[in-house]
Amino acid sequence: MNYLAELNDPQRQAVECTDGPVMIIAGAGSGKTRVLTYRIAHLLNKGIDSFNILSLTFTNKAAREMRERITKIIGGTEAKNLWMGTFHSVFAKILRIEAEKIGYPQNFTIYDTEDSKSLIKSIVKEFGLDDKVYKPGLVYNRISGAKNSLISWASYLANPDLMSEDRSSGKPKLGEIYKVYTNRCFRAGAMDFDDLLYNTNILLRDHPEALHKYQHKFKYIMVDEYQDTNFSQYVIVKKLAALYQNICVVGDDAQSIYGFRGADIQNILNFEKDYPDLKTFKLEQNYRSTQNIVNAANSIIANNRNQLKKHTWTENETGTRIKVVRALNDNEEGNLVANSIFETKMQKQIRNDDFAILYRTNAQSRSMEEALRKLNIPYRIYGGLSFYKRKEIKDLIAYFALTINHKDEEALKRIINYPTRGIGNTTLDKIIVVANEKNVSLWDIISNIEQDNIGINSGATNKISDFVTMIKSFAIMVNTHGAYDVGLHIANASGLLKDLYNDKSTEGVSRYENIQELLNGLKELSVNFETGEESAKRLTDFMAEVALYTDADTEGEDDTNKVSLMTIHAAKGLEFKYVHIVGLEENLFPSQLSINSREDMEEERRLFYVAVTRAEQEVMISYALNRFKWGNLTSCEPSRFIEEIDPSFIDTIETKKSNGFDIGKSSYQSESFAEKEWNSNYSSKPKQQTSPTTNTVTYQSTPRLKKMVEATKLQTSSTQYDDVSNSLQVGMRVEHERFGNGAIITIEGNAANKKATIQFDTVGSKQLLLKFAKLKIVNETV
DNA sequence: CCAGTACTTAGGTTG
DNA sequence: TAAGTACTGG
């Protein structure tokens, strides 16, 4: 295959320059992925072994696309041998191999962000600190930032700058929390996402033999989206490439938009300093967009100081100018955008999925959705909750995790009493206290619960040992059965499937189906398609990868041909014929939080650059004069970014509504249709200011009296229902004032804590505390 | 234990 | 405004 003929000059040079350090500055739409894939093909053509090539990306999606394209060129077998994937997946794989060197078990758990935050939350609680001050998300970001800068907890505590920062922000204990967090993760045999990179650095720093091994293995290294690397990733790449120096980084400093999560644009700006004999190639020809779009984008980015020199250009047609549209308020902005899409569709016969609406913040999607719905335009919002983050999925996966790694404490805390098995918070708290005293894992305590008397009553003790026995039995099965068999068994034996099955609400049904879907996924994994026989794919293999799945991008059948709604961040790497960028207002885009520093402002500007360069044919920019923010109507000014576009590439549209009023002219504003609509949208809503004074005022008396009244009430109610509660038996049919009729399935606990599980005819199964549930016996026949 | 209510908070997001 | 969480009464 003559792939070199398909490339322009700089693209071909970049492909052919395989040895030594190379930097490819790839403008938007310049054929970057093509160059990367052809470069790998070229390496293989030259006789390089596919096992010696490492290719790193940031997202699963990018990795998958790359693998698909490379498979087409070089075939599946060769493609499989390449080390190709996200930073996290590649180094997780290496860490599993080398885990023992750094004191971790080979089957370590990967904590996702939710696990990490929940752990942080419990540590903050243990410290007796206020979780309003030490918000888990904030603490997590602080720890994450430290790890991505390769600052250990010890150097954090020893760093006077960091310590004084934390003191002046009123959070002096952050370093201590970092320390305990690290210890707890280690104790649980768990790494968070940042640890996958941090610990790789530890491995390469402290174990020269491991460093040499991987330096020799990865003779050729490629990194995509290099402008998004953080310090931790930068050091890994630098170390691995130190021996052969066949390092090729690809990126575009103008598209660096992830500074807020630790990406350091200096990594690409200073790449030359690390490799003085660096060869740089610039891909400046844009194949995606019209001249107007490319030129407008160039005029925007020219306002940034901190950038590498490059001039993108295109041979495409001139195209139409960028339209700038003003709306009176956010709802009208939605209507203008939706109308524009509707008209373009009709006039030019364009598909829905050729349109995208891009915004700075997720909150802006609402007005867009409403407007699209009014015109019956199908749309899809990106960035929802991914499958693997759903509660029921996380619950089942927690069972898997605990089965494979008994020390995993977040998994254990999540499921020890779900489905409820009588191991309540009090018991769990006791276990945690003892585990912390001895600094051993929770599992160490509960698996010896019968020997060590830690002040838990015999009932709970029995339940805990049942739980331990169950998990141990799962663990045995993992070694003897395929992933699907074990998964199904765990879902059943844990009682999770049954619990969901009993919930007949819409959400309950959907949760049950989600579990089925996960199990189906396991089945596909464990069946060998060619023979139809069970393969040796183990639950362990699934668990090694699942934490790194984020696939919100599994497109179903019904997701085709819809208008795309997403944040600009989410749009990076995508392209659409028609792009609407909405909310171009000061304090929104650029964001209010970025107006005080040049770095942040330049990142906002790059974000705008990314937005504009998504478009092939047309860009429409809109802003509103008034917008609801946090429940208040605020007036807005047009964004400075609009002025920064060279005026020769812009058309300012004086929008006309269907009735002919020109809302762009202020003289019409007080009488215009738009104004009336504005009034009807916001002012005519009944404000509920008039309080319903006539309604029942139950306790308009002193607090003391109120207490007495309530005490009497409780007394009467409990005496009244004690008799009923004592005579209840399993099998009886009862009536509940809210849930209707049902049958008693189990009764447990005694006296005040007596509770029953009841299968109701209409609302499914519920557990009720008999003290409160005013049950009437309907039928005593057992 | 369940469900309703009071209260809080509000950027972008991959793995 | 809206959505999510913490608290509390039955």
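Reckoned from all heavy atoms, side chains included, excluding hydrogens, waters and symmetry mates. Below, chains carry the letters A, B, ... as their sequence lines are ordered, and counting in each starts from 1. Just so we're clear, the structure is a prediction, and the values are computed from it rather than from any experiment.
Ion pairing of A:K394 with A:D115 is present here, as a side-chain N (NZ or NE/NH1/NH2) and a carboxylate O approach within less than 4.0 Å. Ion pairing between a basic and an acidic side chain is recognised when a charged N comes within 4.0 Å of a carboxylate O; A:D252 and A:K32 show no such pairing.
Judged by atom type and distance alone, A:E604 reaches the base of B:dG11 through a side-chain donor-acceptor pair under 3.5 Å. Between the base of B:dG15 and the side chain of A:D112 there is no donor-acceptor pair shorter than 3.5 Å.
Along DNA chain B, the nucleotide nearest A:D600 and the nucleotide nearest A:K389 are compared for position; the residue whose nucleotide lies closer to the 5' end is A:D600.
Note on A:Y258: only backbone sugar-phosphate atoms sit closer than 4.0 angstrom, heavy atoms only; bases stay farther off. A:K132 comes within contact range of the sugar-phosphate backbone alone, with a heavy-atom separation under 4.0 Å but no base atom that close. Contacts of A:K121 with the nucleic acid, taken as non-hydrogen atoms under 4.0 Å apart, involve only primed sugar atoms and P, OP1 or OP2. Among the atoms of the strands shown, base atoms are found under 4.0 Å from some heavy atom of A:T113. Among the protein residues, A:S591 comes within range of the nucleic acid bases, having at least one heavy atom under 4.0 Å from a base atom.
Nearest nucleotide to the A:K135 side chain, out of B:dA10, B:dT14, B:dG15: B:dA10. When distances are taken from the side chain of A:R360 to each of B:dG15, B:dG11, B:dC1, the shortest belongs to B:dG11. Checking B:dT13, B:dG15, B:dC1 against the side-chain heavy atoms of A:T420 singles out B:dC1 as nearest. Listed candidates were B:dG12, B:dG11, B:dC1. Nearest to the side chain of A:H569 is B:dG12.
At whole-Å resolution of the value, CG in A:D194 and P in B:dT14 are 14 Å apart. Put simply, CD1 on A:I595 is 16 Å from P on B:dG11, counting in whole angstrom units. The CD-C1' distance, from A:Q592 to B:dT9, rounds to 15 Å in whole Å. Rounding to whole angstrom units, NZ of residue A:K629 and P of C:dA3 are separated by 19 Å. Atom CD1 of A:I257 is separated from atom P of B:dG11 by 17 Å (rounded to the nearest Å). Here the P atom of nucleotide C:dA2 and the CH2 atom of A:W630 are 16 Å apart, to the nearest Å. Put simply, CG on A:N596 is 17 Å from P on B:dG11, counting in whole angstrom units. Following rounding to the nearest Å, A:L607 (CG) and B:dT13 (C1') show an atom-to-atom distance of 12 Å.
The side chain of A:N60 contributes an N or O atom lying less than 4.0 Å from OP1 or OP2 of B:dG15. Using a 4.0 Å cut-off, some side-chain N or O of A:N362 falls inside it from OP1 or OP2 of B:dT13.
Between the side chain of A:R67 and the backbone N or O of A:M84, at least one donor-acceptor pair lies under 3.5 Å.
The aromatic rings of A:Y549 and A:Y388 are tilted relative to each other, their planes meeting at an angle between 30° and 60°. Ring geometry for A:F260 versus A:H569: interplanar angle over 60°, hence perpendicular rather than tilted (30 to 60°).
Comparing the P positions of C:dG4 and B:dT13 gives a spacing of 16 Å, expressed to the nearest Å.
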**Message:** Run A:R366 and A:E370 through salt bridge (Lys or Arg N to Asp or Glu O under 4.0 Å) and show every step you take.
**Reply:** CA-CA 6 Å; A:R366 196 202 45 112; A:E370 278 175 15; 3.2 Å; yes
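Remark: ring of A:F260 not stacked against base of B:dG11; the cut-offs of centroid gap under 5.5 Å and plane tilt under 30° are not jointly satisfied.
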